[in-house]
Number of protein chains: 2
Amino acid sequence: MRDPSNPVCRTISTLLARIGDKWTVLVVQTLGAGPKRFNELRREIPSVSQRMLTLTLRNLERDGLVSRTVTPSIPPRVDYELTELGQSLQKPICGLATWAMDNVEAIHGAQTRFDAERDDSIAA
Amino acid sequence: MRDPSNPVCRTISTLLARIGDKWTVLVVQTLGAGPKRFNELRREIPSVSQRMLTLTLRNLERDGLVSRTVTPSIPPRVDYELTELGQSLQKPICGLATWAMDNVEAIHGAQTRFDAERDDSIAA
DNA sequence: CAGGATCCTGTAAGATACTG
DNA sequence: CAGTATCTTACAGGATCCTG
């Protein structure tokens, strides 16, 4: 079941890698509010580079989580929108986010204690 | 709420990055079965390098998800174990894994269709 | 046994410039 | 507007050797 050669496990770890990458969750959450155009997304996620936004969207599209609709006008218009699959992913992500929020303090505390001990052993 | 300067959001994205890294989830799942020694973990996760296992465990320890117990015998013995916090993380992770398993086929299908179209446009 | 230190490599990802 | 192409850098992560 945890065998890396198991294709299901490979899909899961690929998914986790995608979730873990720097922009995927941010984009999914932003699109959660409704369809958005390319530059709308850029504006709402100011820190993302154009390149990274493009790549992230391509990956999400490839995985069937986001749909891409081109309107061949001038200027061109491209709308991105969560698919049903993409929307269904929001629930487990939200579970993780909730866990994180519930435990921010515990984690921070642990980190502070850990770093303090490390400093002690350096000082000593 | 999605403001990157918000410390809660930073914690969340740090968590997501940790979840997304190559080994964290594997280690947490492996430790889910009970405490393990360093080389037990290595054996159960054959693909992990010594270095990466050490680093992953340090990070988990720093975040308070894993406890590290040294028994100063010869040879030395070090046991790693999920803390309560670490165990509580298993639930949301499991939510994600379940989602992935439920949707493996949909995702694979989407990828296949996407790649097929890409090949078409190259061929054309 | 558990892990620190070092070296080396591939890839992620930012900045910049150009195009239909 | 919505990208693609190219260059460059930073860091993740593997291999290897060494130590208490």
Side-chain angles (χ1 to χ4, degrees), chain A residues 4 13-27 30-31 35-63 66-81 114 117-119 121-122 124, chain B residues 4 13-27 30-31 35-63 66-81 114 117-119 121-122 124:
Chain A
S13 67
T14 304
L15 169 80
L16 288 170
R18 177 123 21 266
I19 299 293
D21 88 25
K22 218 170 167 183
W23 306 111
T24 296
V25 169
L26 226 47
V27 170
T30 305
L31 285 177
K36 293 266 191 313
R37 300 177 59 176
F38 188 84
N39 278 347
E40 282 185 279
L41 284 169
R42 279 194 80 180
R43 272 191 296 277
E44 300 202 22
I45 312 175
S47 47
V48 73
S49 69
Q50 182 195 49
R51 186 179 120 89
M52 281 304 107
L53 182 55
T54 302
L55 288 177
T56 303
L57 287 167
R58 285 293 171 283
N59 284 329
L60 287 171
E61 188 194 357
R62 186 173 114 92
D63 290 349
V66 161
S67 68
R68 178 171 179 273
T69 312
V70 181
T71 310
S73 52
I74 296 181
R77 174 193 182 101
V78 180
D79 288 277
Y80 292 94
E81 183 174 11
F114 185 92
E117 283 189 31
R118 199 202 43 174
D119 284 353
S121 55
I122 288 175
Chain B
S13 67
T14 304
L15 170 80
L16 288 171
R18 176 125 19 267
I19 299 292
D21 87 26
K22 218 171 167 183
W23 306 111
T24 296
V25 169
L26 225 48
V27 169
T30 305
L31 285 177
K36 294 265 191 315
R37 299 176 59 176
F38 188 83
N39 279 347
E40 281 185 279
L41 284 168
R42 280 194 78 181
R43 272 191 296 278
E44 300 201 23
I45 312 174
S47 46
V48 74
S49 69
Q50 180 196 53
R51 187 178 120 88
M52 280 305 107
L53 183 54
T54 302
L55 288 178
T56 303
L57 287 167
R58 284 294 169 284
N59 284 329
L60 288 171
E61 189 194 354
R62 187 172 114 92
D63 290 348
V66 161
S67 68
R68 178 172 179 274
T69 313
V70 181
T71 309
S73 54
I74 296 181
R77 173 191 182 103
V78 180
D79 288 278
Y80 291 95
E81 183 174 9
F114 185 92
E117 281 188 34
R118 198 202 44 173
D119 285 354
S121 55
I122 288 175

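Lettering follows sequence order; numbering is per chain, from 1.
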Hey, does B:Ile45 have a side-chain heavy atom less than 4.5 Å from the side chain of B:Ser47?
-> yes
Is B:Thr24 reaching over with its side chain to a backbone N or O of B:Ile19, donor-acceptor style, under 3.5 angstrom?
-> no
Between A:Phe38 and B:Lys22, which is nearer to the 5' end of DNA chain D once each is assigned its nearest nucleotide?
-> A:Phe38
Whole angstrom value for the distance that separates P of C:dA2 from CG of B:Leu57 = 11 Å
Side chain of B:Glu61, backbone of B:Arg58: donor and acceptor closer than 3.5 Å?
-> no
Identify, with sequence neighbours excluded, every residue that meets salt bridge (charged side-chain N to carboxylate O under 4.0 Å, His left out) alongside A:Arg77.
-> A:Asp79
Run the side chain to side chain contact (heavy atoms under 4.5 Å, CB included) check on A:Leu31 and A:Leu60 step by step: do they pass?
-> CA-CA 11 Å; A:Leu31 285 177; A:Leu60 287 171; 5.6 Å; no
Are any protein N/O atoms closer than 3.5 Å to N/O atoms in nucleotides 17-20 of chain C? If there are, list each pair with its distance.
from   : atom 1 : to      : atom 2 : distance (Å)
C:dA17 : N6     : A:Gln50 : OE1    : 3.3

Distance, rounded to the nearest Å, where A:Met52 contributes CE and C:dT16 contributes P = 15 Å
Contact span of DNA chain D against chain A, any nucleotide atom under 4.0 Å from a heavy atom, 5' to 3', runs D:dC1 to D:dT6
Tell me, do B:Val48 and B:Leu26 make a side-chain contact under 4.5 Å, heavy atoms counted?
-> no
Axial bend angle, the helix from C:dC1-D:dG20 to C:dG20-D:dC1: five-pair end segments, nearest 10° = 50°
Would you please test B:Glu81 and B:Thr69 for side chain to side chain contact (heavy atoms under 4.5 Å, CB included) and show each step?
-> CA-CA 8 Å; B:Glu81 183 174 9; B:Thr69 313; 5.5 Å; no
Show me, pair by pair, the donor-acceptor contacts under 3.5 angstrom made by side chains of residues 49-57 of chain A, not counting sequence neighbours?
from    : atom 1 : to      : atom 2 : distance (Å)
A:Ser49 : OG     : A:Met52 : N      : 3.2
A:Thr54 : OG1    : A:Gln50 : O      : 2.9
A:Thr56 : OG1    : A:Met52 : O      : 2.7

Please report, rounded to the nearest Å, how far the P atom of C:dA12 is from the CG atom of A:Asp21.
-> 10 Å
Which residue lies more 5' along DNA chain C, comparing A:Leu55 with B:Arg51 via nearest heavy atoms | B:Arg51
Partners of A:Val78 by side-chain contact (heavy atoms from CB on, under 4.5 Å), sequence neighbours excluded?
-> A:Arg68, A:Val70, A:Tyr80
Test item: B:Ser73 side-chain N/O and B:Pro75 main-chain N/O as donor-acceptor pair under 3.5 Å = yes
For the pair A:Asn39 (side chain) and A:Arg42 (backbone), establish whether a donor and an acceptor sit closer than 3.5 Å, ignoring hydrogens and angles.
-> no
Under 4.0 angstrom, heavy atoms only, what part of the nucleic acid is A:Arg42 near: base, sugar-phosphate, or nothing?
-> nothing
B:Arg43 vs B:Arg58, nearer the 5' end of DNA chain C by closest nucleotide = B:Arg43
